[in-house]
Amino acid sequence: MARILITSALPYINGIKHLGNLVGSQLPADLYARYMRARGHEVMFICATDEHGTPAELAAAKAGKPVAEYCAEMHDVQAELANGFKLSFDHYGRSSSPENHQLTQHMAGRLKAAGLISEVSEKQVYSNADGRFLPDRYIEGTCPNCGYDRARGDQCENCTKQLDPTDLINPRSAISGSTDLEVRETKHLFLRQKSMRDSLRDWIKSKHDWPILTTSIALKWLDDGDGLQDRGITRDLDWGVAVRDGDAPWPGMEGKVFYVWFDAPIEYIAATAEWAHAQGLGDDAWERWWREDKGAADVRYVEFMGKDNVPFHTLSFPATLMGANFDGAEPWKLVDYIKSFNYLNYDGGQFSTSQGRGVFMDQALSLLPADYWRWWLLSHAPESSDSEFTWENFQTSANKDLADVLGNLVSRVTKFCRSKFGEVVPEGGETGPREAQLVADLTAKIRSYEQLMEAMEVRKSANELRAIWVLGNEYLQEAAPWSTFKTDPALAAAQIRLALNLIRLYAVISQPFIPEAAQSTMSAMASDDWSWPDDVAAALQLLPAGHAFTTPEVLFTKITDEQREDWQSRFAGVRS
RNA sequence: GGGCCUGUAGCUCAAUGGUUAGAGCAGGGCGCUCAUAACGCCUUGGUUGGGGGUUCGAGUCCCUCCGGGCCUACCA
């Protein structure tokens with residue numbers, strides 16, 4: 001039994017996430033966590049809301065609420081939706097938790113002690129009307145290059161030229177529109193990750209099995225142009241983790257907070273501490289997952305994220321953890337494998353939270369149960385390149401794979417049994433070479449499925465699982481119990497006994513993809529034996545003759561053309 | 001501008017430099033009648049974006065051109 005630590009990239013707090021966010025991190029992480037638990041491993045699966053930063057403050061202001069209150073509400077909303085999608089987090093934390101405040105400050109103190117923090121004075125744009133410093137992209141003005149009048153301070157979206165806020169003509173605040181801006185001097189802390197370039201490169205190059213998407217992004221940031229740059233880790237904001245040197249004040253940094261990208265990954269660790277405290281456990285309970293000197297030496301740590309998150313997880317966060325161990329006193333667990341994803345597009349364009357384009361988690365659940373979405377998203381996960389959601393494709397996949405191949409298999413077996421033998425596993429008869437062949441075929445494909453799941457080959461795993469379902473239909477076609485029942489009822493009984501057991505087996509191995517249907521199938525089969533079919537032949541004898549079951553309702557109703565057209569038009573524009 | 005990824009059947013995707021480039025869906029044919037008009041079997045369909053090169057052998061490696069996407073560090 002192995003110990004596996006799994007984290008999903010943290011969803012940002014400022015709104016309900018869309019399906020693209022879901023498939024890029026939380027959903028595949030859940031698939032992996034469920035599979036590893038099903039195989040009997042000890043799993044710690046962590047996620048949390050990422051609550052700090054300027055967008056959170058602005059979203060709260062827009063909602064007319066204090067930011068702490070806004071975040072608390074949105075956390076509950078997101079937690080509820082995660083629950084609706086059957087995301088099996090051991091803990092769904094908050095980056096604003098006391099645990100994260102404490103740990104973030106501790107890490108900063110360690111980095112300071114390591115000599116890895118520098119203080120830099122820089123000039124930034126301050127808006128008097130807004131009473132805040134403005135990040136570059138929150139300053140708008142006329143592009144000096146092309147004349148576009150809504151160019152942002154970091155880049156002109158019209159001509160793509162990189163800009164500095166001071167380049168803009170007639171600059172104004174993108175928040176209030178105010179032109180009462182001034183440049184102020186402000187002091188910030190920088191993480192001296194440039195000095196850790198070689199150790200970061202060595203570490204990344206030692207990871208030969210990582211997806212090319214992960215390593216290519218990391219190496220580009222390390223070595224492209226001037227190479228890895230030191231990074232500012234503080235901001236002039238109210239909402240966030242106050243800058244402190246561990247328990248002590250940090251002179252000169254009063255009123256400043258850590259940058260959200262500094263405290264967010266630390267929340268992976270802090271959320272595990274939140275979990276321990278919520279369980280009434282001591283610090284040793286979470287430290288055995290995160291500290292190699294306190295039990296984490298045998299932990300395998302896997303991170304899931306969209307490609308936009310890769311630089312922070314391959315460079316800044318490891319630099320933080322390595323730096324915090326400068327004297328060997330705090331060996332924090334570094335990631336062992338990073339599974340990164342491309343983007344999911346929506347019907348010819350991008351999903352967009354800010355523009356309300358696409359299907360969002362709450363809307364999805366209002367249309368169909370989670371399993372439909374889980375199956376489509378996972379079987380079309382954007383692993384090798386960006387992929388695209390279309391309603392036609394969604395309808396086809398759900399109807400063919402779930403309703404026809406799997407759902408109908410369950411129906412035809414249970415209903416046939418009910419009409420010929422009653423709602424009980426029939427007795428008598430013996431299986432023969434045909435059944436032995438089925439066991440051999442199942443075994444080969446299940447072993448293959450296991451390898452793909454362990455390798456986090458999400459789409460290929462889905463394909464293999466579907467192929468395993470198909471074996472059931474092939475067997476029935478060949479065995480034809482509806483024919484044998486007329487000539488040799490005992491043989492039909494043996495065939496149906498096997499088929500009923502096959503349904504239970506399918507529920508067990510399909511559970512990581514479609515947990516709700518798996519549960520309802522198990523309930524119908526009146527079984528709670530979720531043991532993994534290491535021995536397929538034995539697994540197909542678990543439901544003994546005489547075992548009563550209930551013929552389940554239709555497992556997956558089909559998506560009709562009318563529904564599809566309705567949804568297609570309803571979700572064609574932007575969310576109001 | 002620079003970098004990275006990507007381009008394979010009508011669609012969505014596979015294929016350690018090594019038989020005749022494979023699946024699912026869609027299309028065509030046959031079978032079955034237990035089942036959600038479901039299932040099974042057979043089948044049509046490819047100049048692997050274009051061009052050049054390396055090699056006994058290239059979808060795969062190199063060069064070049066074309067198309068799509070992403071990143072480029074103060075949104076996260």
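Every heavy atom of this structure was used, including side-chain atoms; hydrogens, water molecules and symmetry mates were not.
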request  = For this output row, return yes or no: ring centroids of Phe262(A) and Phe312(A) closer than 6.0 angstrom.
outcome  = no

Classify the nucleic acid contact of Lys400(A) as base, sugar-phosphate or nothing, counting any heavy atom under 4.0 Å across all strands shown. sugar-phosphate

Query raised in the report: When all nucleic acid strands are considered with a 4.0 Å heavy-atom cut-off, which category describes Val554(A): base, sugar-phosphate, or nothing?
Result: base

From NZ of Lys307(A) across to C1' of C5(B) the rounded distance in Å is 7 Å

Report which part of the nucleic acid Asp308(A) touches: base, sugar-phosphate, or nothing (heavy-atom distance under 4.0 Å, all strands). base

As its Watson-Crick or G-U partner within any shown strand, both distances under 3.5 Å, G7(B) has C66(B)

Check your understanding: Would you call Trp482(A) stacked on C34(B), i.e. ring centres under 5.5 Å apart with the planes less than 30° off parallel?
Key -> yes

message: For a quick check of understanding: with a heavy-atom distance under 4.0 Å over all strands, which category does Val470(A) fall into, base, sugar-phosphate or nothing?
response: sugar-phosphate

In terms of relative ring orientation, are Phe133(A) and Tyr126(A) parallel, tilted or perpendicular, with 30° and 60° separating the classes? perpendicular

Whole-Å distance, Leu200(A) CG to A73(B) P, equals 19 Å

*Sugar-phosphate only, base, or nothing, as touched by Lys220(A) at under 4.0 Å among non-hydrogen atoms*: base

Quick one: label Asn408(A) by what it contacts on the DNA or RNA (base, sugar-phosphate, nothing), any heavy atom closer than 4.0 Å. base

Residue pair Lys420(A)/Leu228(A) against RNA chain B: nearer the 5' end by closest nucleotide is Lys420(A)

